[in-house]
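Here the structure is laid out as structure tokens; the discussion comes afterwards.
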Amino acid sequence: MKLVALFSALSLLATSSSAQARVLRSETVSGWDVTAETSDDGSFLGCFAGADYKSGHTLQFAVLKGGDWAFVVSGPNIRLPDKKFVTVSLRVGGGRLWTLEGKSTRRGIFAIVSGANEQLFEELRIGYLLRVYFLDNEVPFNLDGTASMLNYISSCAGYYAGLEQDGSPFAGTVNAASPAAGGDVPTSRLSEQQARSAVVPYVRAATDCIAEQMANDPRFDSFASEGRVMSLMLDAAKVCQPKLNAMVSAHDRHYYPGKGKEFLAGPYAEDLPRALNERLKPRIESAVARGQDVARRGASPIVAPPPSEAPQHQNPAPKVGTSFGSGFFVRYDGTGLTNAHVVEGCRSAVIEGYGEARIMARDKTNDLALLQPIGGLRTGAAQFSKRAVKLGEFIYVLGFPLSTFVANGLNFTGGSVSSLSGIDGDSRQMQMSAPIQPGNSGGPVVNTSAQLVGITVSHLNEFAALEKSGSLPQNMNYAIRSDIAASFLRANGIEPLEAEPTSKLAPEEIAAAGREFTFQVKCKVE
């Protein structure tokens with residue numbers, strides 16, 4: 001692959017510069033060809049990485065001097081108009097659908113500069129499969145080695161941008177010490193923010209390595225059941241010694257000699273159990289619940305649980321009869337949202353108190369469905385929180401559980417966000433402790449400002465967990481994250497109502513607000 005030619009095109013596209021790019025240094029990182037480049041006047045452009053695929057396509061990433069990042073897709077079968085803006089969509093694994101704007105070149109290269117979008121960057125870093133959609137093309141890419149590569153170019157860009165701002169000269173050959181290889185680069189005179197930006201990827205890579213080694217240890221399941229997973233940490237750290245050494249070297253380069261060992265023995269060692277527990281929590285819960293050897297599943301970051309132990313939907317639609325669920329209005333004209341499984345098998349649905357509704361769209365992958373009442377309505381509408389939900393945040397669940405047994409109207413319960421991912425690290429969901437029952441599915445999960453942060457979807461099968469682990473799980477309930485729902489709405493031409501969190505409301509105020517937009521869904525299956 002002609003890295004210089006491809007990356008030069010990306011650099012010029014991103015910076016609108018007329019200068020030619022030249023390679024400052026060149027590396028190979030986890031199978032990716034990596035360069036740091038400057039313009040011919042010596043101005044730093046960014047750090048770039050690319051890989052060729054058997055399909056004939058090329059995928060490239062870049063972290064640019066200003067902090068923006070970009071990627072390029074090129075290939076013999078891609079035909080794009082020259083220097084035109086084109087809409088592109090991305091999906092990492094089974095996660096959310098991202099829609100962005102890109103620009104093409106006469107070389108058939110498709111580039112996107114997406115700014116400091118940390119969530120998408122993080123999905124790409126930990127993902128295993130990327131699908132790119134534009135015009136009539138769908139191009140899949142395996143993301144093997146992406147974590148190390150993105151960590152590297154992020155640190156590389158921070159390092160060289162800091163040197164440029166500091167007035168230090170660039171190394172002039174490709175044999176200069178690498179910012180990620182622990183070479184003898186003199187300690188740089190970077191600001192605290194610049195040094196931190198350059199070092200954090202190494203810290204993250206070391207912790208990710210230890211977590212991966214622990215998760216792949218054959219003893220993981222038994223140790224998880226006994227509550228002593230952290231005893232696997234030392235053995236894992238020995239395997240990850242090169243990553244730890246790189247982290248130490250990065251501290252020495254970007255702060256001062258000796259800082260790395262000081263950090264390793266102090267703050268890093270103290271925080272490591274917390275960081276590992278955060279990364280491994282979904283796997284620990286899965287191991288306890290299913291009692292199977294998680295390590296035998298290999299490196300797949302998301303593995304569906306066996307059918308008998310999968311998260312149980314609250315109200316799967318029967319083949320004959322009536323099923324019940326919950327939902328909420330997203331527009332003042334009565335347009336509503338619920339789970340796809342709530343209306344599975346339904347030709348139409350009834351919004352209790354409002355009448356019959358058409359099922360306008362379904363997304364079975366993300367378990368969402370869009371409802372539109374027949375005839376004009378004027379309803380309340382849920383506001384989506386602009387701020388992402390936080391671990392430990394208190395939330396409330398609204399819905400109509402067990403309506404065939406207990407006709408008590410709207411139900412209102414509270415709990416906290418106990419994990420920012422679902423079973424096996426599913427980034428589309430979050431785990432919560434708020435109690436839910438059959439019939440809650442599709443109902444809103446709101447924050448203390450009565451703003452939507454999730455959609456109730458499932459709970460863990462307690463009996464399967466009891467059979468496998470010998471213990472009964474408590475309040476392991478799941479919700480689809482509100483940003484997934486927002487993407488689904490936008491894909492169907494509906495802009496969600498969004499607002500910044502306001503002051504906290506009293507529980508009774510939140511319940512009153514939720515009553516205005518929460519509804520019960522009845523689905524008749526024949």
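- Between Trp32 and Tyr53, the two ring planes are perpendicular [angle over 60°; tilted spans 30° to 60°].
- For Ser416, the side chain to side chain contact (heavy atoms under 4.5 Å, CB included) partners are Ser433, not counting sequence neighbours.
- Salt-bridge annotation for Glu498 and Arg490: present, with a side-chain N of the basic residue lying under 4.0 Å from a carboxylate O of the acidic one.
- Considering all non-hydrogen atoms of both residues, Ala275 and Thr207 come closest at CB-CG2, 4.0 Å.
- Using modelled atom types, one finds no donor on one side chain facing an acceptor on the other under 3.5 Å when comparing Thr456 with Tyr478.
- Within a 6.0 Å radius of CZ in Arg387, more than 12 heavy atoms belonging to other residues, nucleotides or ligands are found.
- Checked by atom type, the side-chain pair Asn245/Gln241 shows a donor-acceptor distance below 3.5 Å.
- By the side chain to side chain donor-acceptor pair (under 3.5 Å) test, Ser385 pairs with no residue at all, sequence neighbours left out.
- Using modelled atom types and a 3.5 Å distance limit, the side chains of His57 and Ser74 yield no donor-acceptor pair.
- In this pair, Phe71 and Phe61 present their aromatic rings tilted. The plane angle is within the 30 to 60° band.
- When all heavy atoms of Asn142 and Leu129 are compared, the closest pair comes out as N-CD1, 4.3 Å.
- Residues that satisfy the side chain to side chain donor-acceptor pair (under 3.5 Å) test with Lys243, not counting sequence neighbours, are Ser148.
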